[in-house]
Amino acid sequence: MATPLSDTALSPQSPLKTVAVVGLGTMGTGITEVLAKAGREVIGIDVSEAQTAKAVATLEAATARAVARGRLTEEERTEALARVRTTTDLTAAADADLVIEVAPESYEIKQQIFRELDGIVRPETILATGTNALSVTRLAADSARPERVLGLHFFNPAPAMRLVEVVSSVLTAPHNVAAVTDLAIELDKEPVAVGDRPGFVADGLLFGYLNQAAAMYEARYASREDIDAAMRLGCGLPMGPLALLDLIGVDTARTVLEAMYAESRDRLHAPAPILKQLSEAGLTGRKSGRGFYTYEAPGSGTVVPDALTPATDGPLTSGREIRSVGVAGSGTMASGIAEVFAKAGYEVVLAARSEEKAQAAKARIGKSLSRSVDKGRLTAEAAAQTLDRITPAGSYDAFADVDLAVEAVAEDLEVKQQLFATLDKVCKPGAVLATTTSSLPVVACARATSRPQDVIGMHFFNPAPAMKLVEVVRTVLTAEDVHATVREVCVRIKKHAVDCGDRAGFIVNALLFPYLNNAIKMVQEHYASLDDIDAAMRLGGGYPMGPFELLDVVGLDVSLAIEKVLHREFRDPGLAPAPLLEHLVAAGCLGRKTGRGFREYARR
């Protein structure tokens, strides 16, 4: 059954009843659809007759799909389409209460449009630019009435994405900001108020992250497939960064980053050279049929194999046989990893510094398995068999016969090195020794042993039973058969393994924490509020959590420690931890675990 449009949509409350959209590309056409379905009269304007015809065809197809899915009635579709008229004549904007410009990202083009509009529209008409990279202030300053110029940044696809950034310059009149904010709410969008700087909030944070991912790939640190899989599975993102760059357009990303770098001079915003190389070669992503990936055809989202696609053949080197696994530690991560291995059928020795700690860790696993039974994910019999495979031990001597030892103790290099020295003594020759470190050098653990070739990183993500990703970290000393062994083990325990080298942050943390740090800097500089930034990244970036929600969950002390490691390794000033983060940690505000971080939480 079709859902009728709301009374608000049929009878607009906002004084902005007639809207001109200048530029009928993908974004302009999407905005036109949103406005027409919400009861606005829309004048679609483009210099190309072919583009106006294409926009009308796109609107007809989109509204037909909405009817087929029960989101519009046929009558509502007819009425919405009747509210749209298209033209190539800019003077048609004379009747508009609001003009939204969505022309190409060029000062020259946009300034020309705004100059012409000054002589066409009424004095009270609001002029909005849809730019995400250029200065709204600069566009306003060139206008005859700068107080009526602001930014109205929709996200693609406009009909589906709820975020709208409302951008004020120092020249914008507050009543104009209020008017477009009210309009955005009536369009069932979530408006976020931001100041004028390249990228605003969502793209300002997103494009820095995308740029670092491009640079990581360019440095051959990890494959495009592994970078994308790591961020999808490790952070719950809907798309990996390189696939997203192809969707946005490599040339568009380069333009945004150049604008950001021109203002910030932050090296994290300096476009990675590969973005220039791909752009100049015409390899701009999906729209050209090739970018970081190769696509079935220009405009297609279907990836096809190319010369860089990983071979599907098995590894050239066979791995070692793994029958039993030792897990060192008694915390949440250690018990989670032990549960994962036991569920996969391995005999597991769970060793801690005392028998009591090991028994407590096994009891924690028992509770976790019981929850799985209660939720119908596991039978009671399978849960009992899994628990029976775990043997708690109060000494690492119990690792004498294991084929794989995985340490999950405190994230302290000295503690880990002491443990690896112990494992070197107690584990049999040929046993694989793995560390779950997320930020420390794996090779430093390896050098604490007499067999560094047997040492590798296996970075699980918390909670280990639920998270599908494992970062497999080879050092320059790791043997090929050890790497092959761990890859085979990951298949058996049903985890997705990604390969990376032994450097700070590996893939996920090296891309995630600079993004989180930049979000903190935005709040520190009073550019936007915590709530607006969190909303912008959830709604505009598809993140499951906003950056401040995530920081409070991870722990501000943990976040600061990782930031320091990244800054120390890469020596980039842009990676220096935000002072606000350091101040909160010094004050003991560590996030949810202490009841207060960036936000306050109810004590349990």
Side-chain angles (χ1 to χ4, degrees), residues 23 25-30 48 50-51 54 58 102-106 108-109 131-134 155-157 198-199 202-232 237-262 267-312 498-500 507 510-511 515 541-542:
T26 303
M27 181 60 81
T29 303
S48 162
Q51 194 62 48
K54 182 180 177 184
T58 301
V102 212
E105 290 289 86
S106 156
E108 187 176 318
I109 294 171
T131 184
N132 67 339
L134 305 180
F155 287 74
N156 201 20
D203 286 352
L205 294 175
L206 180 65
F207 278 87
Y209 149 72
L210 296 177
N211 191 41
Q212 287 176 278
M216 179 181 280
Y217 171 68
E218 185 173 20
R220 299 185 182 181
Y221 175 67
S223 71
R224 61 191 180 181
E225 288 84 0
D226 279 354
I227 291 171
D228 280 355
M231 298 314 291
R232 281 189 289 103
L237 297 176
M239 290 184 82
L242 302 178
L244 183 54
L245 278 164
D246 276 355
L247 176 62
I248 292 166
V250 175
D251 51 342
T252 301
R254 180 186 169 202
T255 300
V256 174
L257 285 163
E258 283 176 343
M260 289 172 65
Y261 180 67
R267 278 166 49 194
L268 298 178
H269 299 153
I274 194 170
L275 298 178
K276 178 182 179 183
Q277 293 157 14
L278 289 172
S279 296
E280 292 185 347
L283 307 179
T284 54
R286 286 193 189 185
K287 59 189 173 186
S288 70
R290 187 175 160 198
F292 286 95
Y293 294 91
T294 300
Y295 298 88
E296 197 170 50
S300 169
T302 304
V303 175
V304 295
D306 58 20
L308 299 175
T309 303
T312 53
V498 296
D499 284 325
C500 52
I507 297 173
L511 294 178
Y515 148 78

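FYI, side chains are in, hydrogens and waters are out, and symmetry mates aren't considered; it's all heavy atoms of this structure. Note that the structure is predicted; figures quoted are calculated from it, not measured.
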Practice task
Anything under 30° is parallel, anything over 60° is perpendicular, the rest tilted; go ahead and classify Tyr209 against Tyr515.
Solution key: tilted
Practice task
Decide yes or no for Leu283 and Val250: does some side-chain heavy atom of the first lie under 4.5 Å from some side-chain heavy atom of the second?
Solution key: no
Problem - Side chain to side chain, Tyr221 and Ile507, heavy atoms closer than 4.5 Å - result: yes
Handout entry: Passing option when Ser300 is tested against Val303, Thr302, Val304 for side chain to side chain contact (heavy atoms under 4.5 Å, CB included)
Key = Thr302
Handout entry: Test side chain to side chain contact (heavy atoms under 4.5 Å, CB included) applied to Arg224 and Thr309, step by step
Key = CA-CA 9 Å; Arg224 61 191 180 181; Thr309 303; 3.3 Å; yes
Problem - Under 3.5 Å: donor-acceptor pair, side chain of Asp226, backbone of Asp499 - result: yes
Handout entry: Stepwise side-chain hydrogen bond (donor to acceptor under 3.5 Å, both in side chains) check, Tyr217 with Asp228
Key = CA-CA 10 Å; Tyr217 171 68; Asp228 280 355; over 6 Å; no
Completion exercise
In this structure, CE of Met260 is separated from CG of Leu268 (nearest 0.5 Å) by 9.5 Å
Practice task
Return yes if some donor-acceptor pair links the side-chain N/O of Tyr293 with the main-chain N/O of Pro305 below 3.5 Å, else return no.
Solution key: no
Exercise for the section: Side-chain contact test, heavy atoms from C-beta onward, threshold under 4.5 Å: evaluate it for Arg286 versus Glu296 and give yes or no. Expected result: no
Practice task
Would you give the length of the straight line joining atom OG1 of Thr255 to atom CG of Leu134, rounded to the nearest 0.5 angstrom?
Solution key: 8.5 Å
Problem - Lys276 side chain reached by Asp251 side chain, heavy atoms, under 4.5 Å - result: no
Problem - Side chains of Asp306 and Thr294, donor plus acceptor under 3.5 Å - result: yes
Fill in the blank from the handout: Nearest heavy-atom approach of Ala510 to Met216 is CB-CE, 4.0 Å
Handout entry: Pairwise distance CG(Leu247) to CE(Met239) - rounded to 0.5 angstrom
Key = 5.0 Å
Practice task
Find out whether Lys287 and Thr252 are in side-chain contact, i.e. whether some heavy atom of one side chain is under 4.5 Å from a heavy atom of the other.
Solution key: yes
Exercise for the section: Using the test salt bridge (charged side-chain N to carboxylate O under 4.0 Å, His left out), find all partners of Glu105 that sit at least two apart in sequence or belong to another chain. Expected result: Lys110
Fill in the blank from the handout: Between the CG atom in Leu237 and the CZ atom in Arg232, the distance rounded to the nearest 0.5 Å is 9.5 Å
Exercise for the section: Would you indicate whether the side-chain heavy atoms of Phe155 and Asp203 approach each other to under 4.5 Å? Expected result: yes
Practice task
For residues Glu258 and Pro271, report the shortest heavy-atom separation together with the two atoms involved.
Solution key: CG-CG, 3.5 Å
Practice task
Could you pull out the closest heavy-atom pair between His269 and Tyr261, with the gap in Å?
Solution key: O-CB, 3.6 Å
Exercise for the section: Check whether any side-chain heavy atom of Arg290 sits under 4.5 Å from a side-chain heavy atom of Tyr295, and report yes or no. Expected result: no
Handout entry: Leu245 side, atom CG; Leu275 side, atom CG - distance, nearest 0.5 Å
Key = 6.5 Å
Handout entry: Distance-minimising heavy-atom pair for Pro104 and Ile109
Key = CB-CD1, 4.1 Å
Problem - Whether Gln212 side chain and Leu511 backbone form a donor-acceptor pair below 3.5 Å - result: no
Problem - Closest non-hydrogen atom pair, Pro238 against Gly542 - result: CD-O, 3.1 Å
Practice task
Mark yes or no for whether Thr284, through its side chain, and Gly249, through its backbone, hold a donor-acceptor pair below 3.5 Å.
Solution key: no
Completion exercise
Between Ala272 and Glu218, the two heavy atoms sitting closest are CB-OE1, 3.9 Å
Fill in the blank from the handout: So CG of Leu278 and OG of Ser288: to nearest 0.5 Å the spacing works out to 9.0 Å
Exercise for the section: For the pair Asn211 (side chain) and Leu257 (backbone), establish whether a donor and an acceptor sit closer than 3.5 Å, ignoring hydrogens and angles. Expected result: no
